[in-house]
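Inspection log for the structure reproduced underneath, given as structure tokens.
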Amino acid sequence: MELKEAKEKFISTWGTLGSLWGINKAMAQIHALLFVSPKPLSMEEIMEELEISRGNASMNLRGLMDWGIIFKVNVPGERREFFTSEKDVTELSRQIAKERSRRELQPTIKILKEVSNIDDDGSAEAKEFIKQTKAMHDLADTADTMMNRLVNQEQNWITKTLVKFLK
């Protein structure tokens, strides 16, 4: 497989997988393009490479910056904005996990806590509802706590071990 074909396949696949971590296809494709690019790219280069509109590129670049996985960079002698991706896969995975916790797990935990603290009217239905929503809250809270412990370690030996194991 030639580089061009491999690059297109990677970008396309990453775009499809993006929905699994809460972003749209174009956003994931932009990230993939920047991740494998050896140099920062301008919005125009991104638009041309992925054949997307300026509005789509602009909106998704802002979204990726909100996730903390791409950054604006200055290119000497250029007036246009250029963008690059976090290149360290361990740091990238940490940032994605941190954002998923903030965007998905923490709001879910809050709602589960709220709904599991209803008044128990003594009915079987209320008891079962409280029991199951508390169990789900505890599971989500434990998962979030574990993920945050992993994410907040600077030298995360577990992540490094997993990355080496998966190679």
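Note that the structure is predicted; figures quoted are calculated from it, not measured. The figures that follow rest on heavy atoms only: side chains count, while hydrogens, waters and symmetry mates do not.
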Considering only distance and modelled atom types, tabulate donor-acceptor pairs under 3.5 Å from the side chains of residues 61-69, sequence neighbours left out.
{"residue": "Arg62", "atom": "NH1", "partner": "Ser58", "partner atom": "OG", "Å": "2.8"}

Would you give me the side-chain donor-acceptor pairs under 3.5 Å for residues 132-142, sequence neighbours excluded?
{"residue": "Thr133", "atom": "OG1", "partner": "Phe129", "partner atom": "O", "Å": "2.7"}
{"residue": "Thr133", "atom": "OG1", "partner": "Ile130", "partner atom": "O", "Å": "3.4"}
{"residue": "Thr142", "atom": "OG1", "partner": "Asp138", "partner atom": "O", "Å": "2.8"}

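Listed by chain and number, the hydrophobic cluster partners of Leu3 come to none, as no ILVMFWY side chain reaches under 4.5 Å of it. The hydrophobic side chain of Phe71 is isolated, with no ILVMFWY side chain under 4.5 Å apart from it.
Listed by chain and number, the residues in a side-chain hydrogen bond (donor to acceptor under 3.5 Å, both in side chains) with Lys127 are Asp120 (sequence neighbours excluded). With sequence neighbours excluded, the residues that form a side-chain contact (heavy atoms from CB on, under 4.5 Å) with Met1 are Glu5, Ala6, Lys9. Evaluation of the side-chain contact (heavy atoms from CB on, under 4.5 Å) rule for Asp119 yields no partner, not counting sequence neighbours. Considering only residues two or more places apart in sequence or on other chains, Glu48 meets the side-chain contact (heavy atoms from CB on, under 4.5 Å) condition with none of them. Scored by the ring-ring contact (aromatic ring centres under 6.0 Å, His included) test, Phe82 finds no partners at all (sequence neighbours excluded). The side-chain contact (heavy atoms from CB on, under 4.5 Å) search around Leu17 returns Thr13, Leu20, not counting sequence neighbours.
Residues Arg54 and Met47 have side chains in contact (heavy-atom distance under 4.5 Å, counting atoms from C-beta outward). The shortest distance between side-chain heavy atoms of Glu86 and Arg94 does not fall below 4.5 Å. Using a 4.5 Å heavy-atom cutoff, the side chains of Leu41 and Lys39 are in contact. Using a 4.5 Å cut-off on side-chain heavy atoms (C-beta onward), Leu34 and Ile46 make contact.
For residues 25-36, every residue pair satisfying the side-chain hydrogen bond (donor to acceptor under 3.5 Å, both in side chains) rule, not counting sequence neighbours, is listed here: Trp14-His31, His31-Ser85. Counting only residues at least two apart or in different chains, ring-ring contact (aromatic ring centres under 6.0 Å, His included) contacts with residues 92-117 are absent.
Using a 4.0 Å cut-off between charged side-chain N and carboxylate O, Glu114 and Lys110 make no salt bridge.
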